[in-house]
**Q** 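A single structure is presented below for examination.
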Amino acid sequence: MFDYLIKGGTVIDGTGAPAREADVAVLDGRIAAIGALDGEATTVLDATGLMVCPGFIDPHCHYDAQICWDPALTSSSLHGVTTVIMGNCGFSLAPVGNEADALYISAMLAGVEGMPLESLAQGVPWDWLTFAEYLDRFEGGIGVNMGCLVGHNALRRTVMGEDAVGSEADEAQLAEMARLLHESIEAGGLGFSSSQSYTHNYAERRPVPSRWAAAEELVSLSAVVADHEGTTLQWVSTGCLDGLSADEYDLLTRMSLAGQRPLNWNVFTIDSARLEAFEKQTGMGDYAAAQGARVVALTMPVLVGMNMSFRHYCGLNLLPGWDDVLSLPLAERMEELSRPEVRQKMEAAAASPEAGVMSRLTDFSTYEIGDTYSAKNAGLKGRLVADIAAERGTGAFDTLLDIVLADDLDTVLWPSPTDDDDESWRMRQEAWKRDDVLIGGSDAGAHLDRMAGSSYPTAWLADCLRGKGLTSIEDAVRHMTDAPARLFGLIDRGRIAEGCHADLVIFDPDNVDAGETVLVNDLPGDNRRLWSDPLGMVRVLVGGSEIVADGKPTGNLPGAVLRSGRDTATVPIPAFAAN
């Protein structure tokens, strides 16, 4: 007698092997049998015409706060994600030393990761101090499997207090951070994450704590993970757009060697207009491998639209000189943006060589108008600035500013992608074949009203089945299941095989896709986030229990807190593979 029996589906087992018709039986949360099965079951699902695959594993998300008020982890779970890795970019919510640390981390997450401060204040109880207490509070009460890295910023703030910003750590502080990291990993932390990305700034646009760390601090903390089974390393590259520098080549390789573990970095963006950056990014893995290390790049398989706003901090603030205007109080900002001389200066700065990679945002004529909030802007949603400018007889930039000013700067703006050309897609196809490139980087749970990366699994399945078809459906599933499971050493996950955890997705290949991206107000404090409905998702199971039925959450919470050494096995890097 089985608990759950999936009959007649097309099974894609996650290994890349050809799809085959088979039944899949579940007993006690594990896959009990695969093949032509006649046994009875408590629940039988007719999967004729449907595809059955392992649950998707998101290797880079930021649900650390949202999990407190949304244990189902929407919308990722609705799109077939059954395991998430959190605590990335150096941003974990534990450990903390006191209430002041908690308040600082909340404000930092709001400023850097785009989580509404009001939602954090209402939705995060901060009823923990240690990493163990943070993990323990989710046992038996989450919808998907959750593993969490220990973030550098929390370590620094807990040990150094206000000195975490503006100072390098002394010997005693570094030793205490290492002790705290050991303690957090012993409690189940999956490893260590950090960032020195130039985009990670917080109060008064000053770098976050991890950016004040010397290279030796990063290498020393990376070495801690070598003492613990089933651990890993994660990094956010400051060269994720322009290409990694020689210094980053050296640092990431040293971190991997010190920790004796793979290090993954986020995010590998691919643009045919930036061939030199592409070569530097792919060269990172080759360089590390030559030294006996392993460094893996995360990249997204679909274009994730990121909207812009003149009201909230976003990529526009990184244009040369723009932050001087966009960081002003709202009334002063609107006044400045109304002045012709300020507009001219900003437009000239955007067109200057100093704009660098942010020049991708400066073709204002191609911006599509998103949600608007004033009568004056009625009917503009979905239209291009170029067309509106032509009607009004004004320049594209002036037209854009006139529109946002009418909405008190709250207009949602969607820049058209600059990397949607055939050559960029060919380069992505080339990158996916590399063993030092992993699909991921959704940032789900962060930048909530700016980007919607959580729907990438269904969007990519649709693209493989009915779109560009740049890889097979079997390979796409492997990229999102077995590949991340092997990188993180997840035990008995990522494959449909007897004895593996019954984390499963059943989808309709004719209809699977991600729906239109819309803004919804469903965060604590009635704050908004971007949302995309799942299409063609028939069932999602975690541990053999349905968490999604016909695209809707069931309310079941069978997910596990994944702890290093218990739920993960050590993945050796080449230099240590013989040990």
Side-chain angles (χ1 to χ4, degrees), residues 14-15 54 57-60 83-88 90 92 131-132 135 145-152 155 177-194 218-235 251-266 284-285 288-298 435-440 478-479 481-495 497 499-501 503 560-579:
T15 67
I57 299 169
D58 187 337
H60 188 107
T83 299
V84 298
I85 306 298
M86 313 187 316
N88 289 290
S92 62
F131 204 83
L135 293 184
N145 309 304
M146 173 268 279
C148 192
L149 298 160
V150 185
H152 195 179
L155 292 171
M177 276 190 272
R179 185 200 66 78
L180 199 54
L181 180 55
H182 277 294
E183 177 186 286
S184 299
I185 294 176
E186 287 169 359
L190 295 191
F192 172 65
S193 74
S194 189
L218 290 157
V219 174
S220 294
L221 292 175
S222 296
V224 169
V225 307
D227 293 336
H228 302 273
E229 290 296 316
T231 49
T232 194
L233 295 165
Q234 189 274 332
W235 176 261
L251 176 59
L252 301 194
T253 300
R254 290 177 63 199
M255 290 172 68
S256 175
L257 289 172
Q260 303 175 26
R261 300 289 186 270
L263 179 150
N264 75 82
W265 65 269
N266 190 63
M284 176 70 252
Q291 314 304 312
R294 188 178 183 204
V295 176
V296 176
L298 267 59
D435 61 7
D436 57 7
V437 172
L438 182 72
I439 295 299
R478 180 189 66 82
H479 272 296
T481 58
D482 191 57
R486 301 288 77 77
L487 179 69
F488 290 99
L490 301 181
I491 297 173
D492 294 339
R493 299 189 191 276
R495 296 181 180 178
C500 284
H501 293 279
D503 302 335
V561 176
L562 304 180
R563 298 179 189 259
S564 59
R566 184 193 70 184
D567 301 299
T568 61
T570 295
V571 178
I573 60 174
F576 297 88
N579 293 346

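Residue indices begin at 1 and follow the sequence shown.
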**Q** Within the 4.5 Å heavy-atom criterion, are Asn264 and Pro59 side-chain neighbours or not?
**A**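 SC-SC contact between Asn264 and Pro59 ruled out.
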
**Q** Rounded to the nearest 0.5 Å, what separation is found between the CG atom of Leu190 and the CZ atom of Arg563?
**A**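 It comes to 10.5 Å.
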
**Q** So how far is it from Leu155 CG to Ser193 OG, rounded to the nearest 0.5 Å?
**A**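 Here the interatomic distance stands at 8.5 Å.
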
**Q** Between the side chain of Ser256 and the main-chain N/O of Val295, is any donor-acceptor distance below 3.5 Å?
**A**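 Side chain of Ser256 to backbone of Val295: no pair is present.
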
**Q** Do Thr232 and Val571 come within less than 4.5 Å of each other through their side chains, counting heavy atoms only?
**A**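 A side-chain contact under 4.5 Å is absent here.
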
**Q** Looking at CD of Gln260 and CG of Leu233, how far apart are the two atoms once the value is rounded to the nearest 0.5 Å?
**A**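 Result: 10.5 Å between the selected atoms.
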
**Q** Using the rule side-chain contact (heavy atoms from CB on, under 4.5 Å), only one of Leu257, Leu252, Leu251 pairs with Leu263; which is it?
**A**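 Exactly one pass, corresponding to Leu252.
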
**Q** Starting from the C-alpha separation in whole Å, work towards a yes-or-no answer on side-chain contact (heavy atoms from CB on, under 4.5 Å) for Asn145 and Ile57.
**A** CA-CA 9 Å; Asn145 309 304; Ile57 299 169; over 6 Å; no

**Q** I need the minimum non-hydrogen distance between Gly191 and Thr231, along with the two atoms involved.
**A**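 Looking at all heavy atoms of both residues, the shortest contact is CA-CB, 4.4 Å.
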
**Q** Would you name the heavy atoms of Pro262 and Leu487 that are closest together and state the gap between them?
**A**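 Smallest interatomic distance, heavy atoms only, reads CB-CD1, 3.8 Å.
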
**Q** Between Thr253 and Met284, does the side-chain contact (heavy atoms from CB on, under 4.5 Å) criterion hold? Intermediate values first, please.
**A** CA-CA 9 Å; Thr253 300; Met284 176 70 252; 3.6 Å; yes

**Q** Within the 4.5 Å heavy-atom criterion, are Asp482 and Pro54 side-chain neighbours or not?
**A**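 No. Closest side-chain heavy atoms not under 4.5 Å.
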
**Q** Classify the side-chain pair Asn266/Asn88 by whether it contains a donor and acceptor separated by less than 3.5 Å.
**A**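 There is no such pair (donor and acceptor under 3.5 Å, judged by atom type) between the side chains of Asn266 and Asn88.
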
**Q** Can you tell me if Arg294 uses its side chain to pair, donor with acceptor, with the backbone of Arg261 under 3.5 Å?
**A**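 No.
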
**Q** Supply the atom-to-atom distance Leu298 CG to Gln234 CD, rounded to the nearest 0.5 angstrom.
**A**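 Answer for the CG-CD pair, Leu298 versus Gln234, is 8.0 Å.
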
**Q** Looking only at non-hydrogen atoms, find the nearest pair between Leu149 and Phe192 and report the distance.
**A**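 Taking Leu149 first and Phe192 second, the nearest heavy atoms are CD2-N, 4.1 Å.
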
**Q** Is there a side-chain contact between His182 and His228 (heavy atoms, below 4.5 Å)?
**A**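 Side chain of His182 against side chain of His228, heavy atoms only: contact under 4.5 Å found.
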
**Q** What distance do Arg566 atom CZ and Ile491 atom CD1 have between them, rounded to the nearest 0.5 Å?
**A**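 Result: 10.0 Å between the selected atoms.
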
**Q** Considering all heavy atoms of both residues, which atom of Ala293 and which atom of Pro574 are nearest to each other, and what is their separation?
**A**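 Heavy atoms of Ala293 and Pro574 come nearest at O-CD, 3.9 Å.
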
**Q** Starting from the C-alpha separation in whole Å, work towards a yes-or-no answer on side-chain contact (heavy atoms from CB on, under 4.5 Å) for Met177 and Val224.
**A** CA-CA 10 Å; Met177 276 190 272; Val224 169; over 6 Å; no

**Q** Give the minimum heavy-atom separation between Ser194 and His152, together with the two atoms involved.
**A**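 What the structure gives for the nearest pair is OG-ND1, 2.8 Å.
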
**Q** For the pair Ser92 (side chain) and Gly87 (backbone), establish whether a donor and an acceptor sit closer than 3.5 Å, ignoring hydrogens and angles.
**A**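 The answer is no, because no donor-acceptor pair under 3.5 Å joins these two groups.
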
**Q** side-chain contact (heavy atoms from CB on, under 4.5 Å) with Phe488: which of Thr568, Asp567, Ile85?
**A**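 Going through Thr568, Asp567, Ile85 one by one, the side-chain contact (heavy atoms from CB on, under 4.5 Å) with Phe488 is satisfied by Ile85 alone.
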
**Q** Please report the C-alpha distance between Leu218 and Trp235 in whole Å, then the side-chain angles of each, then the deciding distance to 0.1 Å, and finally whether the side-chain contact (heavy atoms from CB on, under 4.5 Å) criterion is met.
**A** CA-CA 10 Å; Leu218 290 157; Trp235 176 261; 3.7 Å; yes

**Q** If every non-hydrogen atom of Arg493 is compared with every non-hydrogen atom of Ala560, which pair is closest and at what distance?
**A**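 Heavy atoms of Arg493 and Ala560 come nearest at NH2-CB, 4.4 Å.
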
**Q** What is the distance from atom CZ of Arg486 to atom OG1 of Thr481, rounded to the nearest 0.5 Å?
**A**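 Interatomic distance, Arg486 CZ to Thr481 OG1, rounded to 0.5 Å: 9.0 Å.
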
